[in-house]
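Read the structure below first, then the notes.
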Amino acid sequence: MNIRDKILIVEDERSISNFLRAILTSNDYDVIVARSGAEAYSMITSHCPDLIVLDLGLPDIDGLQIIKNVREWTLLPIVVVSARAHERDKVEALDLGADDYITKPFGAGELLARIRTAIRHTRTGLANETIATTGKFKSGDLEIDYDKHRVLVNGQNVGLTQNEYKIVALLGKCAGKVLTYDYIIKELWGPGTRGNNQSLRVHMANIRRKIEKNPAEPQYIFTEIGVGYRMVEGD
Ligand code: CA
């Protein structure tokens, strides 16, 4: 018998928490629900969930504050569910340590993918167990060879520059997870680098020309508008 992962839903709107509970229960998760920030804190300590699905708009405590507090003592994965369309909230939630976000309205498949990815990232420390064991990331016809520092499509080296390779390698390690522009820039060019979104965008345009069949409709690296980039999950 498998031990089920336990998910804490923090959501004050009953229709949404019922919807979430139905999806998660039918996909073999144990589900508990908190309707306020205060209830969430007490359930985190008493139930030790494996992941939190967190609504940012709660009646008592701002969801962003909850992320900040929880991150002071645990790496417990947090997936933010937000009705707010503002990119700034998403970026702030990610910067405070949320693992990912999903915007209402969303489909069951999208939610489940975010949850799977967040739990896996937290458990393995690395996005991809296969990278650790084989030195490779694969998704469809795309392959990142971490030992030889190159990227192949259909077995052909696509000839990325060093900077382009670094960007793709980082996204591959965190496949399935959104990385903010700031995070990518700091990881690649050091913490002092600022205001380099423009050069990141230029690199991404070049990367897409080299790896995507149709750069306007990417199948490997997606843009999360105003937030960052996300690599498709590996095979
Ligand atoms: Ca709410």
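Both ligands and their constituent atoms are indexed starting at 1 by order of listing.
Remark: the backbone N or O of Q219 is paired with a side-chain donor or acceptor of E212 at under 3.5 angstrom. A distance-only check finds no donor-acceptor pair linking the side chain of D5 to the backbone of D30 [under 3.5 Å].
Looking only at N/O/S atoms, D55 comes nearest to the Ca ion (ligand 1) through OD2. For D12, the N/O/S atom at the shortest distance from the Ca ion (ligand 1) is named OD1.
A salt bridge does not link E92 with K68: none of the charged nitrogens is closer than 4.0 Å to a carboxylate oxygen. By the 4.0 Å N-to-carboxylate-O rule, K136 lies too far from D147 to be salt-bridged with it.
The Ca ion (ligand 1) has no N, O or S atom of I16 inside 3.0 Å of it.
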